[in-house]
Amino acid sequence: MRFAATLDDRTQMVEVTEANGRFRVTIGEEVSEVDARLPAQGIYSLLIGGISYVADVKEEDGWFLVDVNGESYRIRVEEETRHIIRTRGGVEAGHGGQVLTAPMPGKIVGVEVTVGQAVKPGDGLLIMEAMKMENEFRATTAGTVREIRVQVGQAVNPGDVLIVIE
Amino acid sequence: MRFAATLDDRTQMVEVTEANGRFRVTIGEEVSEVDARLPAQGIYSLLIGGISYVADVKEEDGWFLVDVNGESYRIRVEEETRHIIRTRGGVEAGHGGQVLTAPMPGKIVGVEVTVGQAVKPGDGLLIMEAMKMENEFRATTAGTVREIRVQVGQAVNPGDVLIVIE
Amino acid sequence: MKTPFRKILIANRGEIAVRIIRACRELGITSVAVFSEADREALHVLMADEAYLLGPPPAAESYLAIEKIIRTAKASGAEAVHPGYGFLAENAAFAEACIQAGLVFIGPPPAAMRALGDKTAARRAALAKNVPMVPGTTEPVGSEDEAARAAREIGYPVMLKAAMGGGGKGLRLVRSEGELASALRMARSEAGSAFGDSSVYVEKYLEEPRHIEIQVLADSQGTTIHLGERECSIQRRHQKLVEECPSPMVDDAMRKRMGEAACRLVAAVGYVNAGTVEFLVDRQKNFFFLEMNTRLQVEHPVTELVTGRDLVKEQIRIAGGETLGYGQADVTWTGWAIECRIYAEDPYRNFMPSPGTIIGLRTPAGPWVRDDSGVYEGAAVPIFYDSLISKLIVWGPDRAAAIARMARALAEYKVVGVRTTIPLLQHIMAHPDFVAGRVSTHFLDGMLRAERPEAEGRHRTVALIAAALAGYERAGRTTLPLTSSRPSAWKSSARPGWSRPR
Amino acid sequence: MKTPFRKILIANRGEIAVRIIRACRELGITSVAVFSEADREALHVLMADEAYLLGPPPAAESYLAIEKIIRTAKASGAEAVHPGYGFLAENAAFAEACIQAGLVFIGPPPAAMRALGDKTAARRAALAKNVPMVPGTTEPVGSEDEAARAAREIGYPVMLKAAMGGGGKGLRLVRSEGELASALRMARSEAGSAFGDSSVYVEKYLEEPRHIEIQVLADSQGTTIHLGERECSIQRRHQKLVEECPSPMVDDAMRKRMGEAACRLVAAVGYVNAGTVEFLVDRQKNFFFLEMNTRLQVEHPVTELVTGRDLVKEQIRIAGGETLGYGQADVTWTGWAIECRIYAEDPYRNFMPSPGTIIGLRTPAGPWVRDDSGVYEGAAVPIFYDSLISKLIVWGPDRAAAIARMARALAEYKVVGVRTTIPLLQHIMAHPDFVAGRVSTHFLDGMLRAERPEAEGRHRTVALIAAALAGYERAGRTTLPLTSSRPSAWKSSARPGWSRPR
């Protein structure tokens with residue numbers, strides 16, 4: 001079975017075949033023979049050439065979050081045909097702006113910009129209180145503030161759009 | 001909802017009703033108001049009159065094994081109607097004999113009786129090796145050995161009938 | 001050990017409530033937990049002997065609701081109240097309310113709390129007892145102008161500090177006058193919401209200092225001793241992340257001088273129970289009084305492992321009127337202990353809190369590893385409270401052995417479902433400056449600046465393999481033998497109607 | 001600490017393999033696990049740096065397969081082999097095979113193993129060094145007649161003991177001549193299958209003795225010291241269940257005498273590495289040499305916690321040729337440690353093994369609690385090996401504090417899916433004779449006879465309530481709010497195709 005695996009903006013073809021209770025995983029030119037088990041949910045025990053790895057795999061928003069020996073990777077795995085169909089339809093929307101969304105539930109305690117204001121990377125945009133700490137969010141790109149969708153005192157949920165910069 | 005709960009050969013009617021996210025559990029004359037949660041599978045957190053109990057509940061062969069503060073109970077819970085229908089059909093087969101079954105996988109390393117032999121409680125019947133230890137099984141009642149279904153060297157699985165005494 | 005109380009209410013949550021429940025259990029004391037609606041299934045509720053609801057999730061309506069807590073304590077028949085740290089632990093009004101209700105407050109007398117807990121009052125007391133101090137205002141500043149005047153006089157950089165504060169909240173570093181106004185506003189706002197008092201004072205900011213603190217114990221018969229120092233220089237946002245006992249900088253003579261200064265200060269105000277005197281230490285080993293924490297410290301376990309003294313049990317004994325039963329000469333320090341704080345935060349996204357449900361948890365164990373946790377697999381990390389989920393503490397015969405053990409234990413620690421500080425803590429244990437004991441309160445900022453936040457990529461191929469296998473499974477290739485011959489652990493016990501509805 | 005080896009193969013499984021892997025990791029040594037087909041998902045395989053299959057589940061084809069293990073060690077590039085305890089740990093032929101293959105055997109020299117590991121040879125050595133001994137045969141007995149003659153001469157009751165034995169296997173108590181024949185057959189059969197040698201000898205059986213043992217350490221430069229005693233009298237089927245350090249019976253003078261006797265014995269045969277000299281002690285504090293265990297002991301952690309010495313690291317250092325670096329005068333004992341062995345056995349059904357899958361596991365933690373476990377939630381306890389799943393060890397400043405802490409920790413320990421010794425251990429910690437330190441090797445039998453095996457019934461009503469609620473859930477009343485507002489921990493991560501097929 002062939003997959004497209006995306007890690008750090010790079011997509012590679014990965015093939016998984018199975019024989020005698022083991023797996024052969026081919027990534028580009030690299031072929032690994034893998035003795036894989038799932039001793040508990042989301043925990044993969046992999047023996048690869050005698051080396052014992054334990055990988056924690058969690059799915060989040062269609063990506064696999066993989067932890068191996070304290071390193072974390074975010075990998076998207078799609079069946080190859082699906083990946084080809086999806087990407088033929090055009091690359092994902094990539095533009096210069098910033099859409100600031102709430103990463104967790106919280107309360108807006110300060111807005112540091114106004115609509116129409118020009119910002120540069122590092123400029124403070126907004127202060128949100130969550131878990132008893134105030135967290136300042138800053139601009140990651142240069143641009144102009146197009147929308148401010150929240151006001152001071154408002155409670156927000158994860159994913160809520162707070163500010164749009166173009 | 002009414003249940004028949006059997007514990008230590010005694011069956012009691014137990015009623016569970018639910019209101020405002022809490023439970024009222026009536027056992028005989030005793031009424032308990034219970035704030036119950038299930039923080040993890042098989043683990044019940046019960047607040048009863050302010051006392052905090054954690055009960056581990058596991059189902060095995062139709063019985064609940066309940067652990068509370070280091071005490072273990074084996075309880076059968078049936079819907080009341082089902083219990084009535086079942087028990088009306090006659091009490092469970094209770095006779096004087098002993099059917100010795102294997103409690104775990106193992107290997108028979110010795111048989112100490114022969115068919116037709118009279119035994120009394122405490123007499124050795126059979127030796128089984130399991131987990132590198134030899135375990136001797138003894139008669140729990142007086143009677144006559146009717147069947148010996150295993151022989152030395154044989155591997156047995158849990159539940160296999162080994163010896164029948166009548 | 002005899003039992004000074006039959007029943008104690010613990011006015012706290014999380015790992016410290018669990019810590020106190022364990023001490024109670026070992027002393028044969030019935031423990032009473034309190035909880036907010038967000039914490040019905042929290043570990044401290046499951047572990048306590050009794051548990052009572054306080055109110056809605058916000059702390060002001062639950063863990064800070066003095067009247068509700070006292071009412072619950074009285075109704076439960078508790079004889080004493082342990083406040084833990086944070087919440088009401090340094091609130092003298094709460095201590096007084098306990099005493100007025102006939103409850104023993106397990107902490108210092110309210111007068112001593114006021115004299116040392118209020119940071120400006122503490123500075124006056126330190127001045128009086130010749131404890132060296134960092135220059136600053138001894139009174140809270142009123143207007144923005146007053147703050148600006150004070151800062152100019154002291155000289156930038158300065159720190160703004162909540163007078164009633166602790167735990168890194170209500171603190172702001174100000175490097176120039178331009179930053180003062182907004183920093184003052186934020187410090188006041190944080191102080192107000194965290195401590196119910198928005199008073200702020202100004203202090204000189206030392207460059208690259210170490211943060212070293214002295215643990216003191218005083219009984220009600222007038223014996224005051226210290227249990228040595230803790231090195232707490234590894235901080236993020238002025239909140240401690242790694243602590244050790246002893247400090248790599250402190251020798252016997254310095255320990256003696258610092259300990260004596262700390263004892264002098266607390267004895268002067270009639271202090272009783274456990275407390276911590278915090279110092280900043282410059283490169284020349286000069287120490288300056290920073291503040292006093294009139295309560296149990298988060299990092300108390302490192303002192304416990306090196307001295308063999310159970311600080312929570314000592315607190316309870318002292319509150320019950322017992323004498324310490326030993327003196328300064330009986331206190332010894334053996335080996336080295338290190339604590340790492342496991343927060344539900346993303347260390348590579350500016351320590352953004354990461355609340356959620358812990359869906360997978362494997363805790364480290366084995367020789368000389370102690371896990372003081374407030375969570376379990378399946379537990380929620382609510383958004384309403386501090387994000388500390390556990391403290392990992394190790395002991396070793398020397399510092400190198402303790403560091404190696406901590407690295408080993410951190411590698412065993414797995415938390416799935418929320419982001420934690422574990423990866424950062426692993427990097428700290430491997431950092432040459434930390435290993436060499438070259439630390440200051442700026443260590444962490446410097447390390448984070450120098451470091452690439454991404455994974456190093458050593459296990460890139462393995463991660464891709466695991467992800468590909470997960471994809472293969474997800475695709476429904478159920479013939480795959482990613483399973484042993486035994487039945488799936490969780491699945492075999494999951495029956496319809498048994499598991500929770502989605 | 002420098003690293004004596006780069007890579008070590010651990011020829012064992014379960015908790016002790018995990019213990020050694022942890023020591024390797026802290027020393028910066030690569031650990032190589034080996035496993036049988038039954039153990040592919042065992043904890044030691046998951047935790048080691050490398051892992052290699054040996055063969056089918058039976059120990060003879062895997063953990064006792066000398067050639068396979070040595071071949072694996074060489075192929076992996078390991079420089080040394082740690083045998084743990086049990087399996088090949090006291091097999092001199094294995095030690096020799098390691099040495100011949102150019103591998104360092106982490107244990108004593110084969111000659112010293114032979115001189116002390118064979119119980120009859122050890123008795124001769126003890127005799128020569130004036131170490132007091134229990135009367136018995138110094139050679140294995142041949143025929144049944146020979147055994148009967150020896151037993152008559154010594155006087156009943158007698159013990160039959162496997163010459164190569166350890167761990168309680170191949171042991172049988174014989175109270176009269178009528179019991180001798182069947183006991184001899186069973187002892188031989190067990191000895192043969194456990195140690196590959198069915199030799200058995202006969203020894204006088206002391207009534208109500210204590211089992212007290214001395215830990216020795218000897219380096220290759222000729223330094224031999226002892227780390228004091230362990231009290232191991234709480235036994236079932238002659239297998240230890242609870243151990244402590246120090247012993248409530250032993251004072252400084254007695255410790256010195258026993259320690260010196262032990263050192264005398266091991267020094268006489270050129271012993272190097274860690275070892276344990278076991279004694280029986282009568283009520284008058286007379287001690288008799290029982291046997292020598294030429295390996296790491298299961299209960300080594302109690303000595304570690306009281307002396308602060310890491311015995312596994314010491315073993316590795318000594319095997320690497322390092323000197324101990326300290327002498328007898330540097331060994332100190334601080335406080336009290338207790339170990340409880342958690343076996344997958346039903347203590348109320350004659351310690352019947354209880355293999356299976358651990359579907360639920362909560363391990364104790366917090367202050368001075370150490371869990372040395374070989375399992376995890378979801379792990380299998382196979383039928384092929386010893387049923388020890390974990391060792392729980394606590395430290396306290398004195399015996400009373402340690403007992404209270406152990407009781408607290410045991411109450412926190414939950415194992416679902418297999419029966420364990422935990423309930424029995426809880427009863428032991430609460431037993432007045434144990435609390436008073438009045439123990440002998442007969443303690444447990446007496447306690448079990450006096451005790452009702454059923455639950456005490458204190459929580460009968462609560463158990464009925466929990467069962468009724470479980471029945472209510474099972475009946476599909478899915479409107480019930482047995483769930484918090486947050487999503488189910490396990491369910492939320494379980495997707496179709498993600499979980500294992502049933």
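Below, read A as the first sequence line, B as the second, and so on, with proteins coming before strands; counting in each chain starts at 1.
- Residue with the most contacts toward chain B among D:P355, D:A344, D:S387, D:P423: D:P355 (heavy-atom pairs, distance under 4.5 Å).
- Looking at D:R474 and B:E59, their side chains come closer than 4.5 Å, going by heavy atoms from C-beta outward.
- Taking chain B as the reference chain and counting heavy-atom pairs below 4.5 Å, the highest number among D:P353, D:A466, D:S189 is found for D:P353.
- With rounding to the nearest 0.5 Å, the separation of CZ in B:F3 from CG in D:L464 is 12.5 Å.
- In this view, D:R349 satisfies the salt bridge (charged side-chain N to carboxylate O under 4.0 Å, His left out) rule with no residue, not counting sequence neighbours.
- In this structure, D:R458 contributes its side chain and B:N69 its backbone to no donor-acceptor pair below 3.5 Å.
- Counting heavy-atom pairs under 4.5 Å between each of D:Q426, D:R185, D:M186 and chain B puts D:M186 at the top.
- With a threshold of 4.5 angstrom between heavy atoms, B:V16 approaches chain D through its backbone and through its side chain.
- For D:A467, the parts lying near chain B are the backbone and the side chain together; criterion is any non-hydrogen pair under 4.5 Å.
- Looking at B:E79, only its side chain comes within 4.5 Å of chain D, counting heavy atoms on both sides.
- With a threshold of 4.5 angstrom between heavy atoms, D:S354 approaches chain B through N, CA, C or O but not through any side-chain atom.
- The number of heavy atoms from other shown groups lying within 6.0 Å of NZ (B:K107) does not exceed 12.
- In terms of heavy-atom proximity, B:A36 sits nearest to D:L469 at CB-CD1, 3.7 Å.
- Residues D:R419 and B:S72 form a side-chain contact, since some pair of their non-hydrogen atoms from C-beta on lies under 4.5 Å apart.
- In this structure, B:K58 NZ and D:I359 CD1 are separated by 5.5 Å, a value rounded to the nearest 0.5 Å.
- Listed by chain and number, the residues in a salt bridge (charged side-chain N to carboxylate O under 4.0 Å, His left out) with B:R149 are B:E147 (sequence neighbours excluded).
- Within the model, atoms CD of B:E112 and OG of D:S182 stand 7.5 Å from one another, a figure rounded to the nearest 0.5 Å.
- Ranked by heavy-atom pairs under 4.5 Å with chain D, the list B:L46, B:D35, B:V14, B:D8 is led by B:L46.
- Using a 4.0 Å cut-off between charged nitrogen and carboxylate oxygen, B:E71 and D:R460 do not count as a salt-bridge pair.
- A side-chain N or O of D:E473 and one of B:Y44 form a donor-acceptor pair less than 3.5 Å apart.
- Contact annotation for B:V25: only side-chain heavy atoms (C-beta onward) come within less than 4.5 Å of a heavy atom of chain D.
- Looking at B:V77, both its backbone and its side chain come within 4.5 Å of chain D, counting heavy atoms on both sides.
- For the atom pair CG (D:N350) and CZ (B:R138), the distance works out to 8.5 Å, reported to the nearest 0.5 Å.
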Would B:V54 and D:R362 count as a side chain to side chain contact (heavy atoms under 4.5 Å, CB included) if you check the C-alpha gap in whole Å, the side-chain angles of each, and the deciding distance to 0.1 Å?
-> CA-CA 12 Å; B:V54 175; D:R362 292 204 298 283; 3.6 Å; yes
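- Using a 4.5 Å cut-off between heavy atoms, B:Q12 touches chain D through its side chain atoms alone.
- Residue B:I51: no heavy atom, backbone or side chain, is found under 4.5 Å from chain D.
- The greatest number of non-hydrogen atom pairs below 4.5 Å with chain B, out of D:I422, D:V416, D:L410, is found for D:V416.
- Of the two parts of B:L7, the backbone and the side chain both hold a non-hydrogen atom closer than 4.5 Å to a non-hydrogen atom of chain D.
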